[in-house]
Each structure stands twice: as structure tokens, then as C-alpha cells.
Amino acid sequence: QVQLVESGGGLVQAGGSLRLSCAASGRTFSTYAMGWVRQAPGKEREFVASIMRTGSNTYYADSMKGRFTISRDNAKNTVYLQMNSLKPEDTAVYYCAARNYGSTYSSLSSYMYWGQGTQVTVSS
């Protein structure tokens, strides 16, 4: 089992950047593929990005490609989401989540462990 704690959210102006971090507990962090999921007010949760266990492969939702970058540091048990060129429609609670290797990265049901979320608000 792994416990996840996100940080780094906040208020930023449109066009700005934020870097989210997700710290994981336990010695099994490197065995999980990781992902970021977000939920905007009044909307369902949606896939943002995912990264494989070694960081060798990354995946993004189409609307995030070129603006967001997911990375991980297995020595620090941490996964990151660098968000650039932020837009008001990026306003959401961002969740870090872990899934088993081989599961479908874009399917929210693949993610077994979730953090509590961190709020990102982008003002226009």
C-alpha cells in the first residue's frame, strides 16, 4: 500500500506556472506507475498525465500536451507535475494517484491509491 500527499497548489494568473509535488510513503513507490487526475467544479474527474515506473514513458491528455510535464524521482518517492501556460479552465483540484504496471493509464478505475488533492486556481 502507498499513501500519497500532494502539495504546490495555489492561485496563479493565466499564463503562469505551478509545480505540483506528490510525496509517497512506503518502499514500494517505484513499483507503481503514477498519474495526475483533476476535477473541476461541477465536473467529473479527468485524466491529466501518467508516468511509468522508471519514468521511461509519459502520457498526457490532449489538452495538456505541450503545457504540462510529469516526472518522478524514485529516490525521493516523489512525482511532479510542472504546469505552464495555465488557463482559467485548468482550475481544479489536482489528485495524485498510483496504479499497477500494465493497467490502462487513462482509465481512472486503474488507479488504486489516491491523495487528498491540492487546489489550483487560475485567474483570468
Side-chain angles (χ1 to χ4, degrees):
Q1 189 171 356
V2 61
Q3 293 181 330
L4 305 171
V5 179
E6 303 95 335
S7 61
L11 175 64
V12 64
Q13 289 188 333
S17 298
L18 279 176
R19 188 193 196 201
L20 305 183
S21 298
C22 173
S25 65
R27 293 179 290 180
T28 60
F29 174 74
S30 62
T31 67
Y32 292 101
M34 299 298 297
W36 287 94
V37 173
R38 72 183 185 184
Q39 186 167 22
K43 296 187 177 181
E44 295 184 350
R45 290 189 182 188
E46 65 171 341
F47 168 76
V48 173
S50 185
I51 187 167
M52 298 301 284
R53 294 175 297 178
T54 63
S56 57
N57 294 91
T58 56
Y59 309 93
Y60 299 92
D62 288 343
S63 61
M64 288 73 165
K65 288 180 181 177
R67 298 191 301 123
F68 291 8
T69 303
I70 188 172
S71 61
R72 66 189 296 165
D73 185 338
N74 287 342
K76 296 182 178 180
N77 279 12
T78 302
V79 62
Y80 305 98
L81 185 68
Q82 177 68 44
M83 305 186 294
N84 299 328
S85 302
L86 283 163
K87 306 173 182 180
E89 51 264 42
D90 293 318
T91 294
V93 176
Y94 284 72
Y95 298 90
C96 171
R99 62 180 177 87
N100 280 328
Y101 173 76
S103 59
T104 304
Y105 64 83
S106 59
S107 174
L108 301 190
S109 62
S110 294
Y111 294 89
M112 304 175 299
Y113 304 108
W114 294 77
Q116 83 289 348
T118 185
Q119 176 70 47
V120 171
T121 303
V122 184
S123 63
S124 58

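For the single chain, residues carry numbers from 1 onward in sequence order.
L108 and M52 fall within a single hydrophobic cluster, where Ile, Leu, Val, Met, Phe, Trp and Tyr side chains are chained together by heavy-atom contacts under 4.5 Å. When the side chains of ILVMFWY residues are joined at heavy-atom separations under 4.5 Å, either directly or via intervening members, I70 and V120 end up in a single hydrophobic cluster. Residues V2 and W36 fall within the same hydrophobic cluster, defined by Ile, Leu, Val, Met, Phe, Trp and Tyr side chains chained together at heavy-atom separations under 4.5 Å. Under the 4.5 Å side-chain heavy-atom criterion for ILVMFWY residues, no single connected hydrophobic cluster contains both V5 and M112.
By the ring-ring contact (aromatic ring centres under 6.0 Å, His included) test, Y32 is found to be paired with Y113, residues two or more places apart in sequence or in another chain being considered.
Note that the OG1 atom of T31 and the CG atom of N100 stand 7.5 Å from one another [nearest 0.5 Å]. Here OG of S123 is found 5.0 Å from CD of Q13. Values are rounded to the nearest 0.5 Å. To the nearest 0.5 angstrom, S110 atom OG is 6.5 Å from R99 atom CZ. Here the OG1-CG distance, from T121 to L86, works out to 11.0 Å after rounding to the nearest 0.5 Å. Of the inter-residue distances, the one linking R19 atom CZ with T69 atom OG1 reads 10.5 Å to the nearest 0.5 angstrom.
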* Show the numbers, then the answer: is there a side-chain contact (heavy atoms from CB on, under 4.5 Å) between M34 and L4? => CA-CA 11 Å; M34 299 298 297; L4 305 171; 3.9 Å; yes
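Taking the ring centre of F29 as origin, the terminal cationic atom of R72 falls inside the region bounded by 6.0 Å and 45° from the ring axis.
The minimum heavy-atom distance linking M64 with F47 is given by the pair CE-O, 4.2 Å. Heavy-atom minimum distance, S17 versus N84: OG-OD1, 2.9 Å. Closest heavy-atom contact between T78 and S21: CG2-CB, 4.3 Å. The two residues L81 and A49 come nearest to each other via the heavy atoms CD1-CB, 4.3 Å.
Heavy-atom contacts from other residues, nucleotides or ligands closer than 6.0 Å to CD of Q39 number more than 12.
The ring-ring contact (aromatic ring centres under 6.0 Å, His included) pairs that include a residue from residues 58-90 are Y59-Y105, where partners are two or more places apart or lie in different chains.
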Contacts table for residues 89-96: side-chain donor-acceptor under 3.5 angstrom, sequence neighbours left out:
| from | atom 1 | to | atom 2 | distance (Å) |
| --- | --- | --- | --- | --- |
| D90 | OD1 | R38 | NH1 | 2.9 |
| D90 | OD1 | R67 | NH2 | 3.0 |
| D90 | OD2 | R67 | NH1 | 2.7 |
| D90 | OD2 | R67 | NH2 | 3.4 |
| D90 | OD2 | K87 | N | 2.8 |
| T91 | OG1 | P88 | O | 2.9 |
| T91 | OG1 | V122 | N | 2.9 |
| T91 | OG1 | V122 | O | 3.4 |
| Y94 | OH | R38 | NH1 | 2.9 |
| Y94 | OH | D90 | O | 2.7 |

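At a threshold of 4.5 Å between non-hydrogen side-chain atoms, the residues R53 and S30 do not count as touching. Looking at L20 and M83, their side chains come closer than 4.5 Å, going by heavy atoms from C-beta outward. Taking the side chain as every heavy atom from C-beta outward, Y111 and R45 never approach each other to under 4.5 Å.
No side-chain donor-acceptor contact under 3.5 Å links E6 to the backbone of C22.
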